[in-house]
Participant: 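Can you read through this structure? Questions will come right after.
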2 protein chains.
Amino acid sequence: MQLHKPDVVDAATAILDNYGIADLTMRRLARELNVSPGALYWHFANKQELLGAVADRILQPVRTEPTAPAWPGQIHQICVALRDALLSHTDGAELVSSSFAAGQSELATEIVAQLAGAAQRAGVIPPDDELAARTVLYYVLGFTADEQSRLQWDAAGALTDDQSVLNRDTSRQFAFGLQLLVDGLAVRGASTLGAARDMPQRSRD
Amino acid sequence: MQLHKPDVVDAATAILDNYGIADLTMRRLARELNVSPGALYWHFANKQELLGAVADRILQPVRTEPTAPAWPGQIHQICVALRDALLSHTDGAELVSSSFAAGQSELATEIVAQLAGAAQRAGVIPPDDELAARTVLYYVLGFTADEQSRLQWDAAGALTDDQSVLNRDTSRQFAFGLQLLVDGLAVRGASTLGAARDMPQRSRD
DNA sequence: ACCTGAACACCGTTCAAGT
DNA sequence: ACCTGAACACCGTTCAAGT
């Protein structure tokens, strides 16, 4: 029977979940699908494009309009959903991170747009809104990649107790860094929102 | 003549600067040094360890006690020095980022400690200071990796004018995101520094 | 102690040729 | 249109054997 893109992405995701990103190779994937390696290149231009498709599969659950009424809640919502999505796949953060950097994940770009919207509602005006959005994304990707790699060291069994990610409340830690950014956003937003009152620098000019 | 670790790191850095991280392979490096690939494994346990040594070489210029009097200036100083160091080597941000994630860069850990110190001076108490420090580092690495990969696309000549990193003031953009974090740090620090005054939420309980 | 030679078990990608 | 077979030009790592 014929090979279709979604089948390929399914198989790739299965390898990722079960063996990790190091084992997600074109040849291994072809073997799993009972095709020759060359067959994959009919459907995907190269490995990066395929990884981008896997990244978009991972980010699918994040694809939802935020329901929170105010912008801080919206940012929390998006970021928590994002971290959850990344944590549900082995090396998820690493894969999405590099796909985003390579500009191969459409959904990552969409998430940036949504975060930028929240930043605007916080009072950050273009083009700073996108900058703020990217800053938030860098944080979530960096934090989660770190968390996930520690989890792997942990599973491998070579980590002292105070390094163990299990003994620390990572969700609380994640929220702390996120709050840092939300607070910063509030300050930055307030400085450009009419309210020149109690803002000493450049009140009117 | 004998092969010494610093020679190896020198040669590796040269390959990185001239050809990029994709060409920094053990075999290529051995060829450049006129030794067999196996020789490298007498000096380094594996490729990750060697890359960690290159990362530390890149971070060397950042290794300096901050001279700014107040913590916001110190953070700016460290982060600007860090970004400059990363930008002076092809794929510098990507290399340091992955070495840090793999726990192979001692200097990266040192930089986190220095940022944590600044966070403490901002009023963020342990263990949140390290969390704050890591958040700042995630930002610098994420931003700079992004900036650097856009620079590469640009050099390759396939980017529209408004995507071009040259037409945007990236240093100003970098400062914006950094300010976001510094502002957040100020808020967080103030909330734990005695001053419960004019802080509506959980002022006393 | 330090290095070579050779092997092992892989990679990503291309492309003529088949159906 | 879609895929195979086979090749090209590589990888990281190990390890007996040499000096």
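To find a chain, count down the sequence lines: A is the first, B the second, and so on, and within it residues start at 1. These numbers were taken from a predicted model, which means no experiment stands behind them.
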Participant: Assess whether side-chain hydrogen bond (donor to acceptor under 3.5 Å, both in side chains) is satisfied between B:Asp183 and B:Gln179, documenting all intermediate values.
Facilitator: CA-CA 6 Å; B:Asp183 286 343; B:Gln179 193 56 47; 3.0 Å; yes
Participant: Looking at A:Glu110, I'd like to know if its CD atom is crowded, meaning that more than 12 non-hydrogen atoms belonging to other residues, nucleotides or ligands lie closer than 6.0 Å.
Facilitator: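 Enclosed: over 12 neighbouring heavy atoms sit under 6.0 Å from CD of A:Glu110.
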Participant: Rounded to the Å, how far apart are B:Arg31 CZ and C:dT4 P?
Facilitator: 15 Å
Participant: Does D:dA1 have its OP1 or OP2 closer than 4.0 Å to a side-chain nitrogen or oxygen of A:His43?
Facilitator: no
Participant: In this structure, which stretches of DNA chain D are paired as stems of three or more consecutive Watson-Crick or G-U pairs, both distances less than 3.5 Å?
Facilitator: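 Detected stem regions: C:4-8 with D:12-16, C:12-16 with D:4-8.
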Participant: Taking CG from A:Asp7 and P from D:dC3, how many angstroms apart are they, rounded to a whole number?
Facilitator: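 The answer, rounded to whole Å, is 10 Å.
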Participant: Using atom types as modelled and distance alone, determine if a side-chain donor or acceptor of B:Thr144 lies under 3.5 Å from a backbone N or O of B:Leu141.
Facilitator: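 Flag not set: sc B:Thr144 to bb B:Leu141 has no pair under 3.5 Å.
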Participant: Would you kindly give the CG-to-C1' distance between A:Asn34 and D:dC3, to the nearest whole Å?
Facilitator: 14 Å
Participant: From CG of B:Leu33 over to P of C:dT4, roughly how many Å is that when rounded to an integer?
Facilitator: 10 Å
Participant: Under 3.5 Å, is there a donor-acceptor pair between the side chain of A:Gln77 and the main chain of A:Ala68?
Facilitator: yes
Participant: Relative to the ring of A:Phe174, is the ring of A:Tyr139 parallel (under 30°), tilted (30 to 60°) or perpendicular (over 60°)?
Facilitator: parallel
Participant: Sticking with atom C1', work out how far D:dC10 lies from C:dA9, rounded to a whole angstrom.
Facilitator: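 Per the computed distance, 14 Å lies between those C1' atoms.
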Participant: What string of B, S and - do you get for nucleotides 12-19 of chain C 5' to 3' if you count protein non-hydrogen atoms under 4.0 Å?
Facilitator: BBB-----
Participant: A:Asp128 side chain to A:Leu131 main-chain N or O, any donor-acceptor pair under 3.5 Å?
Facilitator: no
Participant: With a cut-off of less than 4.0 Å, is there a side-chain N or O of B:Trp42 near OP1 or OP2 of C:dC2?
Facilitator: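 For C:dC2, OP1 or OP2 has a side-chain N or O of B:Trp42 closer than 4.0 Å.
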Participant: B:Leu3 has an atom CG; how far is it from atom P of C:dT4, in whole Å?
Facilitator: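 My rounded result for the distance is 8 Å.
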Participant: Just how far is it from atom CG of A:Asp10 to atom CD1 of A:Ile15, taken to the nearest 0.5 Å?
Facilitator: 11.5 Å
Participant: State the CG-OG1 distance between B:Leu40 and B:Thr25, to the nearest 0.5 angstrom.
Facilitator: 9.5 Å
Participant: For B:Gln148, check side chain to side chain donor-acceptor pair (under 3.5 Å) against everything at least two apart and list the hits.
Facilitator: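 Partners of B:Gln148 by the side chain to side chain donor-acceptor pair (under 3.5 Å) criterion come out as none, since no residue qualifies.
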